[in-house]
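A quick write-up on the structure given underneath.
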Amino acid sequence: MIRSAVTIALVPQIKTGPWIFWDDLEHSMSKAAELGFDAIELFTASVHAVHSDTLEILLKRYNLKLAAVGTGAGKVIHGLTLTDHDSDIRQKAIVFIQEMMEFGAVFGAPSIIGSMQGNSTPENTHSQSMELLAEGLHILDQHAASLGVKLIYEPLNRYETNLINTLEDGAAFIEKYKFNNIRLLADLFHMNIEEDDPKESIQKHIQHIGHVHFADSNRKPVGCGHAQMKEITDALITSGYDGYVSAEAFPWPDPDQAALQTIRSFHQYFK
Ligand code: LER
Ligand code: MN
């Protein structure tokens with residue numbers, strides 16, 4: 001079954017980012033529950049930001065699930081990526097992601113690697129960076145197996161990474177290295193920039209897709225842009241997608257209205 005989720009970011013340093021709720025955790029969760037979301041997707045500065053006991057109590061109180069845990073703060077706050085030329089930083093990036101994975105696994109939730117994949121730089125060519133990415137993901141793929149959760153890898157648009165931009169390249173990478181526990185994130189905003197045909201790409205790579213970020217062409221809440229949303233969401237439904245569709249969009253015009261617009265769109269396309 002396709003389920004709805006909404007992002008909550010508790011990282012002040014990325015306050016201009018595409019996350020619906022920014023406020024205090026419980027207040028955001030109560031709003032999500034009131035609107036009928038099934039789950040939340042959480043972005044925190046580190047595993048120390050929210051105690052798992054506290055999260056467990058709140059998830060029960062508001063009858064919500066944890067859909068996924070974002071790791072972007074690892075790069076934004078701590079400067080860590082899996083492809084940094086400095087092996088010490090790569091090692092710290094792996095530990096940061098492993099801790100996030102352990103935090104999420106308590107709730108059966110996967111962690112997402114987006115910006116922590118990094119970029120190839122003058123110090124590392126593209127192929128060297130891809131090797132470093134594969135080395136890091138190999139360790140994390142095994143960690144996912146030991147925890148019994150998936151790890152979600154997110155192709156980003158070209159302005160955010162020069163490593164993997166499309167579902168096709170992501171799928172080829174997973175197959176090349178035989179990662180059994182890594183699934184792709186289909187972020188509809190990035191796909192709107194990079195995919196020739198988002199619906200076809202979804203149909204073709206559905207077996208690799210483990211999470212969806214729900215946003216319109218301009219990264220506003222779905223319904224506020226010009227993406228061909230009906231054919232994209234139909235592709236998810238008819239291909240048998242069975243995971244979360246999580247609102248990662250700008251809190252436009254404000255968090256409450258963005259959440260309301262998102263859940264209305266979710267019902268329009270998926271119910
Ligand atoms: C993270 O999910 C993502 O999509 C990035 O573009 C955030 O900057
Ligand atoms: Mn995303």
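Counting convention: from 1, in listed order, for ligands and their atoms alike. Just so you know, these numbers come straight off a predicted model, no measurement behind them. Because only heavy atoms are used, hydrogens play no part in the values below, and waters and symmetry mates are left out as well, while side chains stay in.
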Q: Tell me which N, O or S atom of Glu248 sits nearest to the Mn ion (ligand 2).
A: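 For Glu248, the N, O or S atom at the smallest distance from the Mn ion (ligand 2) is OE1.
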
Can you sort out which atoms of ligand 1 are near [X], meaning under 4.0 Å from one of its heavy atoms?
{"X": "His190", "value": "3 (C), 4 (O), 5 (C), 6 (O)"}
{"X": "Asp187", "value": "4 (O)"}
{"X": "Glu154", "value": "1 (C), 2 (O), 3 (C), 4 (O)"}
{"X": "His213", "value": "2 (O)"}

Q.
Tell me whether the Mn ion (ligand 2) has His213 as a neighbour, meaning an N, O or S atom of it below 2.8 Å.
A.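 So His213 does bind the Mn ion (ligand 2) by this criterion.
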
Q | Inter-residue atom distance His27.NE2 - Trp22.CH2, 0.5 Å rounding | A |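 Going from the NE2 atom of His27 to the CH2 atom of Trp22 covers 15.0 Å.
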
(Q) Just verifying a value: how many Å separate Asp88 CG and Leu80 CG, rounded to the nearest 0.5 Å? (A)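 CG of Leu80 is found 9.5 Å from CG of Asp88.
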
Q: Tell me, with the steps shown, if Ile8 and Leu25 meet side chain to side chain contact (heavy atoms under 4.5 Å, CB included).
A: CA-CA 7 Å; Ile8 302 176; Leu25 180 61; 4.2 Å; yes

Q. Between Phe96 and His78, is the gap from one ring center to the other below 6.0 Å?
A.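 Yes, close enough.
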
Q. OE2 (Glu154) to the Mn ion (ligand 2) to OD2 (Asp187): angle, nearest 10 degrees?
A.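 Output for this angle: 90°, rounded to tens.
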
Q | Cluster overlap Tyr153 with Met191, hydrophobic side-chain contacts below 4.5 Å | A |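 As far as the 4.5 Å side-chain criterion goes, Met191 and Tyr153 are connected within one cluster.
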
Q) Is there a chain of hydrophobic side chains (I, L, V, M, F, W, Y, each step under 4.5 Å between heavy atoms) that links Phe214 to Ile193? A)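 Cluster IDs for Phe214 and Ile193 differ.
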
Q) Who gets closest to atom 4 (O) of ligand 1 by heavy atom: Glu160, Met116, Arg219? A)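 Checking each option, the heavy atom nearest atom 4 (O) of ligand 1 is found in Arg219.
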
